[in-house]
**Q** 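Got a structure for you, written out below as C-alpha cells; questions coming shortly.
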Amino acid sequence: MSTSETADYIIIGSGSAGSALAWRLSEGRKYSVLVLEYGGTDIGPFIQMPAALSMPMNMKRYDWGYLAEPEPTLNNRRLVCPRGKVIGGSSSINGMIYVRGHAEDYAHWQESGAEGWGYADVLPYFRRMEHWHEGGHSAGFEDPGFRGTNGPLHITRGSRKNPLHHAFVAAAEQAGYVATPDYNGFRQEGFGPADMTVWKGQRWSAANAYLKPAIKKNGVRLIKGALVDRITFRDGRADGVVFTRGGHTITAHAKREVILSAGAINSPQILQRSGIGPGRVLQQAGVEVIQDRAGVGANLQDHLEVYFQVNCLQPITLNQHLNLFSKGLIGLRWLLTGGGLGSSNQFETLGFIRTDKGVSYPDLQFHFLPAAVRYDGKSAAKSHGFQMHIGPMRSKSRGHVHIRSDQANEAPEIRFNYMSHPDDWAEFRRCVRLAREILNQPAMDAFRGDEIQPGNHVTSDDAIDDFIREHAESAYHPCGTMRMGKANDPMAVVDPECRVIGVDGLRVADSSVFPRITNGNLNAPSIMVGEKASDHILGKTPLAPMNLTPFAPEDWQHQQR
C-alpha cells in the first residue's frame, strides 16, 4: 500500500458540502481531486429507502455515535448527536427534509461579517444545485424564479394521501395562520407540503447527486476508511493531510489547497488536532499550538425540539405499519418497485410561524408526521397516533466542541449548553401553547384524541418546563463551530471566501462556517456552502446576485415604518 498520495485539491469529508465540492472542483478534469472519507459504502436499503430513515442514524456502521455532555438544564441528560460516517455524510442518514432557510437568515450572515453571503448572493447557488420537480400551475402557483430546475439535487414531495396532512393545515388556517405552496420560494411563513431529497423513490443524498457522478465522469478519487489525523503545514501554508487506513499511516499532499468539509463536529476537532484552535484546549490535549484561535470549536448551535404526540380517533395513521410484518411488506414492495410507503420519508407537511407579531420572520418550525413514533423507532402510541416536532429556530444558547487529546479515534467534548439562555424557556413555552392551539381547532376534531405527551394536564409554565427538561431532543442540526466573518474578528475562523484566517492553502466549507443557524433543516444550506465555496476556490466570479424580494409580513413592515 502506498504511504503517500497527491492531488491538486484534497477534500476531507464526503458529506453535503464535500460532495458538492468534489463535483464542482473536478468539472472539466482540469484539476485532480482526492476525497477522504472514514465511512464506507451507502449501498443497501437501510440508507437508500426513504422510509427507513431512523435506521442508519442508529447504526454504528453509518453513524459516528457521538454523545453530548450532560445538560444541566435538561435533567443532566446526555443527548445523542448522530453524524454520518458513510459516503454522503449526514445527507445519507438524515431525514431528507429540504429547507433552504429564510432570506433574513442570510441577511444576518452578511451583517455579522460574512460579506457576499446575503440572500441575493446565495439564491443563485440554491437555484444552481436544485432540480425541483413540483413547480408550475399543477402545484397551484407559478414560480417567479426562486427555484432551480436543472441542478443535480432532485427535490420532490410526498403524496400527502393521509387526510391528517390536510386536516393539520386546515387547522392552522383556522387558528389564524396561512397555507404556503412553497416555503422554499417566495413565502416561508405558513403551512404546506414539505420538500424532500428523494428521487424515484430513493434517498437523493449528496453522494448520489454529486460524488458518484464526480467519480464516474470527472475522475475524482475517493479513499474510504480514511481516518484523518491532522492537516500538515509548511511555511504557514497547508500542504497535506495525514490519515490512517487499514493500520497504515498515509500522507496526502495537496498541490493547491486542502478543504475541510467534515461537518460541525469533526471539522473543528481536526483543525484543533492540526494546531489551530483555542491555545489552552490544544495545550491540555498535548497539541503544539500553531495558531491560537479561540473561535475554532466555539459558537456551537443546534435546534432543540419536542415531540407533541396525540392519540388518533381513526385507524388511519402509520402506526398500523410499525410491526415487523408490515415493515417487511413495505420493504419488499420498495425493493421490487421503488414505490409504496417506503418511497417517502413521511414528513410530508411542514410549517413555519412567528410566535409574536413583533418577530420579523418565523421563529418556530413544525414537522408533521401521521404517526406517533420516536427517531429510535419506538412507538409511543398504543394504537394510532400522530405527532408534531416543534421547536424554536434561533436559540441564543451557545456551546463548543473541544478535543480531549491528540488522538483521532477519541471522541471530542461536545457541550451544547441547551436552554442556557433565559429567553429559550419563554420561546419554548410559546411553541407548546401554539401547537396546542392549532390542534384544538375544529379541523382536527374528527382525529384528535387525548395527548400522549405533553398530556392535557400540562398547562402551567412549571409543568411545561418540566416536560421540556425531560423530553426535549436534538433535531440533529449542529452548526457554527468555525464561523465565517471578517478577518479582523477574533472569533471568526474563516473569511467570506472560506479561507482559514491566518494560514494559506486551507479552507473550510460545511455547516461549521454558519455564523448563525438557519431556519429549518440544514442539509440544503450546507450543500449551498459547498457550491458557493467551489467558485471562491477556483477563483471564479461568484454568480450574479438575484434581487428577488421574498414575502415580508405586513405587521412587521408597518412596525418598521
Side-chain angles (χ1 to χ4, degrees), residues 39-63 65 80 82 84-88 90-98 154 156-165 193-194 196-205 207-208 212 307 309-349 367-389 447 449 452-453 473 476 523:
T41 180
D42 63 346
I43 295 173
F46 293 141
I47 285 180
Q48 300 300 335
M49 184 170 71
L53 63 92
S54 68
M55 301 185 74
M57 71 172 61
N58 289 292
M59 298 174 67
K60 291 182 179 180
R61 178 179 178 181
Y62 302 126
D63 174 31
V80 296
K85 188 179 65 177
V86 59
I87 65 168
S90 294
S91 76
S92 290
I93 70 168
N94 70 358
M96 293 156 282
I97 300 169
Y98 183 85
H154 289 285
T156 59
R157 290 174 175 173
S159 65
R160 302 179 79 222
K161 290 181 179 179
N162 194 297
L164 285 166
H165 288 289
M196 58 183 178
T197 48
V198 172
W199 176 235
K200 295 183 177 179
Q202 179 181 352
R203 175 192 291 271
W204 203 246
S205 65
N208 286 333
K212 293 174 185 177
Y307 305 161
Q309 298 176 324
V310 181
N311 284 306
C312 187
L313 299 177
Q314 297 187 32
I316 58 172
T317 72
L318 297 175
N319 285 73
Q320 64 188 305
H321 299 293
L322 297 180
N323 60 80
L324 288 176
F325 180 73
S326 293
K327 287 181 179 180
L329 290 179
I330 291 170
L332 180 61
R333 179 178 177 183
W334 180 83
L335 286 169
L336 293 175
T337 70
L341 289 174
S343 64
S344 170
N345 62 4
Q346 305 305 328
F347 286 101
E348 297 179 351
T349 297
H367 297 76
F368 184 80
L369 182 66
V373 65
R374 294 171 53 87
Y375 272 124
D376 58 14
K378 296 178 181 178
S379 174
K382 294 180 180 179
S383 55
H384 284 272
F386 54 88
Q387 70 189 37
M388 299 175 295
H389 297 203
F447 309 104
I452 300 169
Q453 63 174 44
E473 300 286 351
Y476 311 140
N523 181 230

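The structure presented is a predicted model; accordingly, all values stated were derived computationally and were not measured.
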**Q** Mark yes or no for whether N345, through its side chain, and G95, through its backbone, hold a donor-acceptor pair below 3.5 Å.
**A** yes
**Q** Do R203 and N94 make a side-chain contact, defined as non-hydrogen atoms from C-beta onward lying under 4.5 Å apart?
**A** yes
**Q** Give me the atom names and distance for the closest heavy-atom approach of S383 to N319.
**A** O-CB, 3.1 Å
**Q** Hey, is the main chain of I87 close enough, under 3.5 Å, to the side chain of S92 for a donor-acceptor pair?
**A** yes
**Q** Tell me yes or no: between the side chains of N208 and Q48, is some donor less than 3.5 Å from an acceptor?
**A** yes
**Q** Identify the heavy atoms of P82 and D63 that sit nearest to each other, and give their distance.
**A** CA-OD1, 3.2 Å
**Q** Could I get the full list of ring-ring contact (aromatic ring centres under 6.0 Å, His included) partners for H165, not counting sequence neighbours?
**A** F368
**Q** Under 3.5 Å, is there a donor-acceptor pair between the side chain of Q453 and the main chain of Y307?
**A** yes
**Q** Could you work out, with side chain to side chain contact (heavy atoms under 4.5 Å, CB included) as the rule, every residue matching T337, not counting sequence neighbours?
**A** R333
**Q** Counting C-beta onward and ignoring hydrogens, is there a side-chain heavy-atom pair between I97 and N523 closer than 4.5 Å?
**A** no
**Q** Working to the nearest 0.5 Å, report the span between OG of S159 and CD of Q346.
**A** 7.5 Å
**Q** Does N311 reach the side chain of I452, with side-chain heavy atoms less than 4.5 Å apart?
**A** yes
**Q** With rounding to the nearest 0.5 Å, note down the distance linking CG in L335 to CE in M49.
**A** 7.0 Å
**Q** Closest approach of I93 and P56, non-hydrogen atoms and distance?
**A** CG2-CB, 3.7 Å
**Q** State, to 0.1 Å, how close T41 and Y62 come at their nearest heavy-atom pair, and which atoms those are.
**A** O-CE2, 3.7 Å
**Q** Hey, what do you get for CG (L369) to CD (E348), rounding to the nearest 0.5 Å?
**A** 9.5 Å
**Q** Taking the side chain from Q309 and the backbone from A372, do they hold a donor-acceptor pair closer than 3.5 Å?
**A** no
**Q** Look up atom CZ in F386 and atom CG in L318, then write down how far apart they are to the nearest 0.5 Å.
**A** 12.5 Å
**Q** Would you confirm whether K60, through its side chain, and G65, through its main-chain N or O, come within 3.5 Å as a donor-acceptor pair?
**A** no
**Q** Between A207 and D42, what is the shortest heavy-atom contact and its length?
**A** CB-OD2, 4.1 Å
**Q** Side-chain contact test, heavy atoms from C-beta onward, threshold under 4.5 Å: evaluate it for L341 versus K327 and give yes or no.
**A** no
**Q** So, do Q314 and H384 sit near enough that their side-chain heavy atoms are less than 4.5 Å apart?
**A** no
**Q** May I ask you to decide if V373's main-chain N or O and Q387's side chain share a donor-acceptor pair within less than 3.5 Å?
**A** yes
**Q** Looking at side-chain heavy atoms only, is the closest gap between M57 and Y476 below 4.5 Å?
**A** yes
**Q** Distance-only, no hydrogens or angles: does the R61 side chain make a donor-acceptor pair with backbone N or O of V86 under 3.5 Å?
**A** no
**Q** Check whether N162 reaches the backbone of I316 with its side chain - one donor and one acceptor, N or O, closer than 3.5 Å.
**A** yes
**Q** NE2 of H389 to CD of E473: how many Å apart, nearest 0.5 Å?
**A** 10.0 Å
**Q** Hey, is CG on L336 packed in by over 12 heavy atoms from elsewhere, all under 6.0 Å?
**A** yes
**Q** Hey, does S91 have a side-chain heavy atom less than 4.5 Å from the side chain of T197?
**A** no
**Q** Just so I know, are the side chains of P50 and M196 near enough to count as touching, which here means a heavy-atom distance under 4.5 Å?
**A** no
**Q** Got a second to check how far H367's NE2 is from F347's CZ, nearest 0.5 Å?
**A** 6.5 Å
**Q** Write down the atom of T317, the atom of C312, and the distance for their closest heavy-atom approach.
**A** CG2-CB, 3.7 Å
**Q** Hey, does the side chain of S343 reach the backbone of G340 with a donor-acceptor pair shorter than 3.5 angstrom?
**A** yes
**Q** Is the backbone N or O of G84 less than 3.5 Å from a side-chain atom of S90, with the two atoms forming a donor-acceptor pair by type?
**A** yes
